[in-house]
2 protein chains.
Amino acid sequence: MQNITDELINKGIKPSFIRVSVLNYLRNTIAHPTIETIYNSLKTLIPTLSKTSVYNTVELLADFGLINVVTIDKNESRYDGDIKFHGHFKCEKCNNLYDFSLLDVNYSDLKNFIINTKDVYFSGICANCVKGGV
Amino acid sequence: MQNITDELINKGIKPSFIRVSVLNYLRNTIAHPTIETIYNSLKTLIPTLSKTSVYNTVELLADFGLINVVTIDKNESRYDGDIKFHGHFKCEKCNNLYDFSLLDVNYSDLKNFIINTKDVYFSGICANCVKGGV
DNA sequence: TGTCTTCTTTGTAATGATTACAAATTTATA
DNA sequence: TATAAATTTGTAATCATTACAAAGAAGACA
């Protein structure tokens, strides 16, 4: 938890309880939760929490590069506490999101372009659903 | 135009005027237009056109793999008549969308996964905006 | 041609995630 | 403690997308 607080301070963000809690939550899940899920998960820890605060907080964290926004889902953003470069796979059957390693994205063109974000989104059927699903 | 009609027929889609017009429009632009833009652009050609029909049509075309949906923009989908594999770059300054060549996406993991779509989205500042913008 | 059926198109209303915004609360500062 | 600044909250607005039923067009067949 202290490292989470330090991460915020190092970015010049005041480590309020909500901010620490949201970042800590995202750092410790691989579920790529939605706003709704983050909100519900932290509601017991922070009974006065509002959904607007969750929106505000993830926007702040994303702006400072502490988390990533995953927009693989057209109608609902998901949030990823793992900021190492990797790809996202969305299963069309169970709707789960999986991380996968990306060795390289080999592109040409884009000379003189400044690249700030690289997102790789795959979709299809996950191994679990392929072999019969749950 | 005949090739557009044939493309639809080959997929088993009845080539209505709207469908041919939308597909033809998307095949002949690199602008990655939104629903709004498609609607406005075809309004003169098809005065009775409704926005719902544009939604219906692009969904149909996408379902049959004749166009691609580009969801790089969180709040508005864009449509791409070029179905060859390539990446999309969104300029954070001018909001333009650029295609770029993708030689390879080198991934590990995903064994036994069925991959149906691969989307690569970059964002940053385009060359034009870097050197002073418009 | 007229009728019936089916497919396509349209317009309106609902949905739902996100944003705007001002009030309330908490925290920092003097 | 008083004042200012930042944070959090709740409600209302926004807006792309979807749902859905009615209207219209095309095709089959006698």
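Here is how names work: the chains are called A, B, and so on, in the same order as the sequence lines, proteins then strands, and each is numbered from 1.
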Do B:Lys51's NZ or CZ and the ring of B:Tyr39 fall within the cation-pi criteria of under 6.0 Å and 45°? yes
Take atom OH of A:Tyr39 and atom C1' of C:dT18, then tell me their distance rounded to the nearest Å. 16 Å
Options D:dA16, C:dT12, D:dT9, nucleotide nearest the side-chain atoms of B:Glu76: D:dA16
Please classify the nucleic acid contact of A:Lys74 as base, sugar-phosphate, or nothing, using heavy-atom distances under 4.0 Å. sugar-phosphate
To the nearest angstrom, how far is B:Glu59 atom CD from C:dT9 atom P? 14 Å
Over 60° means perpendicular and under 30° means parallel, so tell me whether B:His88 and B:Tyr121 are parallel, tilted or perpendicular. tilted
Rounded to whole Å, please give me the gap between CD1 in B:Ile13 and P in C:dT9. 11 Å
Closest approach to the side chain of A:Lys14, judged atom by atom: which nucleotide of D:dT7, D:dT11, C:dT18 is it? D:dT7
Taking the six-membered ring for Trp, are B:Tyr107 and A:Phe100 parallel (under 30°), tilted (30 to 60°) or perpendicular (over 60°)? perpendicular
Could you check which of D:dT9, D:dA16, C:dT18 has an atom nearest any side-chain atom of A:Tyr55? C:dT18
Mind checking whether A:Asn96 and A:Asn128 have side chains closer than 4.5 Å, heavy atoms only? no
By nearest atom, which of the nucleotides C:dT18, C:dG11, D:dG10 is closest to the B:Thr52 side chain? C:dG11
Look at the side chain of A:Ser16 and decide which nucleotide, out of D:dC20, D:dT8, D:dT9, has an atom nearest to it. D:dT8
Between A:Ser53 and D:dT8, is there a side-chain N or O to OP1/OP2 distance below 4.0 Å? no
How many Å lie between CZ on B:Phe17 and C1' on D:dG24, as a whole number? 16 Å
Using atom CG of B:Asn56 as one end and atom C1' of C:dT10 as the other, report the distance to the nearest whole Å. 9 Å
Tell me the interatomic distance from A:Asn75, atom CG, to D:dA19, atom C1', rounded to whole angstroms. 15 Å
Just how far, in rounded Å, is P of C:dT26 from CZ of A:Arg19? 16 Å
Please pick, from D:dT17, C:dT10, D:dT9, the nucleotide with the shortest atom-to-atom distance to any side-chain atom of B:Thr48. C:dT10
Residue pair A:Pro47/B:Arg78 against DNA chain D: nearer the 5' end by closest nucleotide is A:Pro47
Is the distance between the ring centroids of B:Tyr98 and A:Phe113 under 6.0 Å? yes
What's the NZ-P distance between B:Lys51 and D:dT17, to the nearest Å? 10 Å
